[in-house]
Engineer: 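What follows is a single structure, and I will ask about it in a moment.
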There are 2 protein chains.
Amino acid sequence: MKKLKDKLTINDIAKLAGVSKGAVSYVLNNKPGVSKEVRERVLRIIEECGYKPNKLAQALAGKRTNFIALVIPDISDVFYAKIIKGVERILSKNGYFLNLYSTHANPEKEQEVFDFLNTGFVEGTIVMAYHIEKKFIDKMIDLKIPFVFIDYPYDDDKVYSVAVDNEEGGFKATEYLISLGHRKIAFIHGSKEAWDSEFRFRGYLRALEKYDIPFNAKLISRGDFTKEGGYKALKELLSTSEEFTAIFCANDHMAFGAIKALKEEGLRVPEDVSVIGFDNIEASALSNPPLTTIMQPIYQLGEVSAKILLRLLSGENLETKRYLLKTQLIERKSCRKV
Amino acid sequence: MKKLKDKLTINDIAKLAGVSKGAVSYVLNNKPGVSKEVRERVLRIIEECGYKPNKLAQALAGKRTNFIALVIPDISDVFYAKIIKGVERILSKNGYFLNLYSTHANPEKEQEVFDFLNTGFVEGTIVMAYHIEKKFIDKMIDLKIPFVFIDYPYDDDKVYSVAVDNEEGGFKATEYLISLGHRKIAFIHGSKEAWDSEFRFRGYLRALEKYDIPFNAKLISRGDFTKEGGYKALKELLSTSEEFTAIFCANDHMAFGAIKALKEEGLRVPEDVSVIGFDNIEASALSNPPLTTIMQPIYQLGEVSAKILLRLLSGENLETKRYLLKTQLIERKSCRKV
DNA sequence: TAGAATAACTTAAACGGTTAAGTTAATATG
DNA sequence: CATATTAACTTAACCGTTTAAGTTATTCTA
């Protein structure tokens, strides 16, 4: 006895239409070789029965899966979530579906992801990887599946990659402070291993240089990207009693910590000290004072990567491998002219 | 000429090992019927070649796909992103992979998602749907694929659902204010169609009742869940010149707007007016003063749903269909005793 | 009007696995 | 020692499609 709830197959449709399953397949794929009448009859039956071809079988028989893998360190991070949205906007418009893989920077899970990518399900991959090992990249290349890296720190020609121009962002932030008349500008680093903080710092240096402001190592401190880190970093800065009128923090969280520390010392922001952050997180519009900061083009990061992947999937071989996206200055109330 | 880069199949392994592909399959699936030597030889060859079975073929041949679909209104929303993380934690541990579907509350995309769910790829579905139409639910049921709803407002026995106990949360917030001695407590609603705000309001009413505080309609205002909405709602409240010593806002964003409005009127938080929010968004720890609020068990929402789905997938038929998760009071600095 | 070309199909071989059923040789049983 | 049982395979059908190759009947061409 046949199970009633069994899903309809192409055979059922063929039987109902009184043709072979080959004919149904041609109709399904809009290929020639079927008369108008048969085509219409088959389509009608398909419609009536609500038949949908089994994608697994289609994919196995050589058709595409339309699956794109997204490997990502942490989904709950707004930064990555927004990138995903950017990716999704482009890919879903082109008929692709998204598969999510969290690695949590866990090598074991990373291997699992590889094994999966290697099983024929996915056509292309977008890798969001803050920390990337050489081994990972070589493995990805071996897979022979088109892929693009997001937020990839290196400028090599082995992989396609899209990243934010952190140096330009750092330059922009510093130049802005300089344009407001500041010349004693402190910088608060993120964590030691953080390459993005490093690039922002380079932008800071380049801006100082451009405007002939001598670099003062005493104005450099280091946090860890957290509010507490920024707080401590600023306290340290204060303890050297080196004067400054502005601070550029490598991210917004540290800027909040710095502002808290300043307030505790009786210093007002921006009246006594100007503070600029980086990232433009949600809280920076809500804080007191609203934080002037550098906005990363996060959605764009996803969109550009998706567009590149789309071109790779269609067989193109792009000459440019490395894409750098520009940041934007968001002027709010935490900086002012001196 | 065979293409060199062609992926290895079970046939290749069989040939290399000098056995039939059936034997290889038995080894692959840890089934009996193969001698120790053959098993070891095959495993060694598989290891050496880095062979991975094609999941499409496996799935088609009756094995599972291990795919779970996640349908979600907006990935870039932290709320949903966190739920996903909760889901991912549980499901990936159990060998499942996640497929993401954004509907953007767009009926056309919704239909696309359905068509996809209907093609044999996914074994189960978790639907995060703030606005749900009856039609959608009936379609889901027709699909015969196990599914659970997250953040589902209704209490019916047709579908499995997990939601936050908003009423209990509203009660908790209000009771907390009452415990601090407040009796004139204003409430700011979210948008009109928002059922979660409605439930929070019911909790507010229940708390008033429990402590014999008469309900005063003049203390109720309505925002739209945004900071601006909260700002306006509070201004309206103020314009009635009805006295209050505390405000319960249906979400944190509105609480920030309310605090801004209060400050403009020269009222201090919490010295003159206590403010409590709902959601515990990131900014509420960073604001001035740090906002006392009600935390939703967001990760848990994802985890519980995933666990339920897991049980459904294993064929269980759970007696409870509706799961309500408790909120938690986060005491910070925006409320104080009167 | 015979032969070629074409339209409209059908047939069957793939795709890469799983698995029930069949085969063979070795071992156990009475 | 003949027979039943079992272990260790092999064989082939099957999953639900696509598609190249084969088959007709019809139309076109010379």
Side-chain angles (χ1 to χ4, degrees), chain A residues 2-3 5-43 45-46 49-67 115-116 118-123, chain B residues 2-3 5-43 45-46 49-67 115-116 118-123:
Chain A
K2 242 190 145 182
K3 275 178 287 176
K5 67 170 178 181
D6 258 7
K7 278 206 56 186
L8 287 170
T9 72
I10 199 171
N11 279 305
D12 300 321
I13 301 298
K15 227 165 277 172
L16 286 170
V19 293
S20 73
K21 63 175 175 176
V24 176
S25 179
Y26 290 137
V27 171
L28 235 37
N29 296 289
N30 251 322
K31 293 197 174 175
V34 226
S35 65
K36 210 177 155 195
E37 302 120 39
V38 168
R39 190 176 295 276
E40 276 165 6
R41 177 149 40 98
V42 169
L43 283 174
I45 291 172
I46 286 177
C49 306
Y51 162 75
K52 293 285 165 195
N54 180 319
K55 284 220 173 207
L56 289 166
Q58 287 187 317
L60 184 59
K63 284 193 77 168
R64 322 219 330 260
T65 63
N66 285 349
F67 270 172
D115 289 349
F116 186 84
N118 202 12
T119 58
F121 257 113
V122 303
E123 293 184 21
Chain B
K2 246 192 142 182
K3 275 177 286 177
K5 66 170 178 182
D6 258 340
K7 279 205 56 187
L8 287 169
T9 72
I10 199 171
N11 280 304
D12 300 322
I13 301 299
K15 228 166 274 173
L16 286 169
V19 291
S20 72
K21 65 173 177 175
V24 177
S25 178
Y26 290 137
V27 172
L28 235 36
N29 296 290
N30 252 321
K31 292 197 175 176
V34 226
S35 65
K36 209 179 155 193
E37 303 120 37
V38 168
R39 190 176 296 275
E40 276 165 6
R41 176 150 41 97
V42 169
L43 284 174
I45 291 172
I46 285 176
C49 306
Y51 163 75
K52 293 285 164 195
N54 181 319
K55 286 221 173 207
L56 289 167
Q58 287 187 316
L60 185 58
K63 285 193 75 168
R64 322 220 330 259
T65 63
N66 285 348
F67 269 172
D115 288 349
F116 185 82
N118 201 12
T119 59
F121 258 113
V122 304
E123 292 183 24

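Proteins come first, then strands; the chains are lettered A, B, ... in the order of their sequence lines, and each starts at number 1. Everything quoted here is computed from the prediction, not taken from an experiment.
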Engineer: Among all residues two or more places apart in sequence or in another chain, which pass the side-chain contact (heavy atoms from CB on, under 4.5 Å) test with B:T119?
Structural biologist: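 By the side-chain contact (heavy atoms from CB on, under 4.5 Å) rule, B:T119 matches A:K52, A:K55, B:F116, B:F121.
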Engineer: Separation of A:R41 atom CZ from C:dA8 atom P, in whole Å?
Structural biologist: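 The distance from CZ of A:R41 to P of C:dA8 comes to 13 Å, rounded to the nearest Å.
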Engineer: Can you give the first and last nucleotides of DNA chain D, 5' to 3', that have an atom under 4.0 Å from a heavy atom of chain B?
Structural biologist: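 From 5' to 3', the first and last contacting nucleotides are D:dA8 to D:dG16.
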Engineer: Run the side-chain hydrogen bond (donor to acceptor under 3.5 Å, both in side chains) test against B:N11 and tell me which residues pass, sequence neighbours left out.
Structural biologist: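 For B:N11 there are no side-chain hydrogen bond (donor to acceptor under 3.5 Å, both in side chains) partners, ignoring immediate neighbours.
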Engineer: Measure from CD1 on B:I10 to P on C:dC15 and round the result to the nearest Å.
Structural biologist: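 Value for this atom pair: 14 Å.
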Engineer: The helix from C:dT1-D:dA30 to C:dG30-D:dC1: angle between its terminal axes, five pairs each, to 10°?
Structural biologist: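 Roughly 50°, once rounded to the nearest ten degrees.
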Engineer: Step by step, would you call B:V19 with B:V24 a side chain to side chain contact (heavy atoms under 4.5 Å, CB included)?
Structural biologist: CA-CA 7 Å; B:V19 291; B:V24 177; 3.9 Å; yes
Engineer: So, using side-chain contact (heavy atoms from CB on, under 4.5 Å) as the criterion, who are the partners of A:S20 when residues are at least two apart?
Structural biologist: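 With neighbours one apart ignored, the set is A:A23.
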Engineer: Suppose we screen for side-chain hydrogen bond (donor to acceptor under 3.5 Å, both in side chains). Which residues come up paired with B:K63, at least two apart in sequence or across chains?
Structural biologist: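 For B:K63 the side-chain hydrogen bond (donor to acceptor under 3.5 Å, both in side chains) partners, ignoring immediate neighbours, are B:N29.
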Engineer: To the nearest 0.5 angstrom, please state how far the CG atom of A:L60 sits from the CG atom of B:N54.
Structural biologist: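 Separation between the atoms: 6.0 Å.
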Engineer: Heavy atoms only: give me the nearest A:T65-A:A59 pair and the separation to one decimal.
Structural biologist: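 The pair with the smallest heavy-atom distance is CG2-CB, 3.6 Å.
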Engineer: Listed by chain and number, what are the side-chain hydrogen bond (donor to acceptor under 3.5 Å, both in side chains) partners of B:N66, not counting sequence neighbours?
Structural biologist: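 With sequence neighbours excluded, B:N66 shows a side-chain hydrogen bond (donor to acceptor under 3.5 Å, both in side chains) to B:R64, given in chain and number order.
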Engineer: Mind jotting down which residue pairs meet the salt bridge (charged side-chain N to carboxylate O under 4.0 Å, His left out) criterion with at least one end in residues 29-40 of chain B? Sequence neighbours excluded, please.
Structural biologist: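 Not a single pair qualifies under salt bridge (charged side-chain N to carboxylate O under 4.0 Å, His left out).
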Engineer: With A:N118, which residues qualify under side-chain hydrogen bond (donor to acceptor under 3.5 Å, both in side chains), at least two apart?
Structural biologist: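 side-chain hydrogen bond (donor to acceptor under 3.5 Å, both in side chains) check on A:N118 returns nothing, list empty.
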Engineer: Restricting to side-chain contact (heavy atoms from CB on, under 4.5 Å), what partner residues turn up for A:I45, sequence neighbours left out?
Structural biologist: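 Applying side-chain contact (heavy atoms from CB on, under 4.5 Å) to A:I45 gives A:I13, A:L16, A:A17, A:R41, A:C49.
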Engineer: Listed in order of residue number, which residues of residues 15-34 of chain B have a non-hydrogen atom at under 4.0 Å from DNA chain C?
Structural biologist: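 Within residues 15-34 of chain B, the residues near DNA chain C are B:K21, B:G22, B:S25, B:Y26, B:N29, B:K31.
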Engineer: Near DNA chain C, which residues from residues 53-62 of chain B have a heavy atom under 4.0 Å away?
Structural biologist: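 Going residue by residue through residues 53-62 of chain B, the ones with a heavy atom under 4.0 Å of DNA chain C turn out to be B:P53, B:N54, B:A57, B:Q58, B:A61.
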Engineer: With side chain to side chain contact (heavy atoms under 4.5 Å, CB included) as the criterion, how do A:L28 and A:Y51 come out once you've worked through the C-alpha distance, each side chain's angles and the decisive distance to 0.1 Å?
Structural biologist: CA-CA 11 Å; A:L28 235 37; A:Y51 162 75; 3.9 Å; yes
Engineer: Check the distance between C:dC15's C1' and B:L8's CG and give it to me in whole angstrom.
Structural biologist: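 One finds 16 Å between C1' of C:dC15 and CG of B:L8, rounded.
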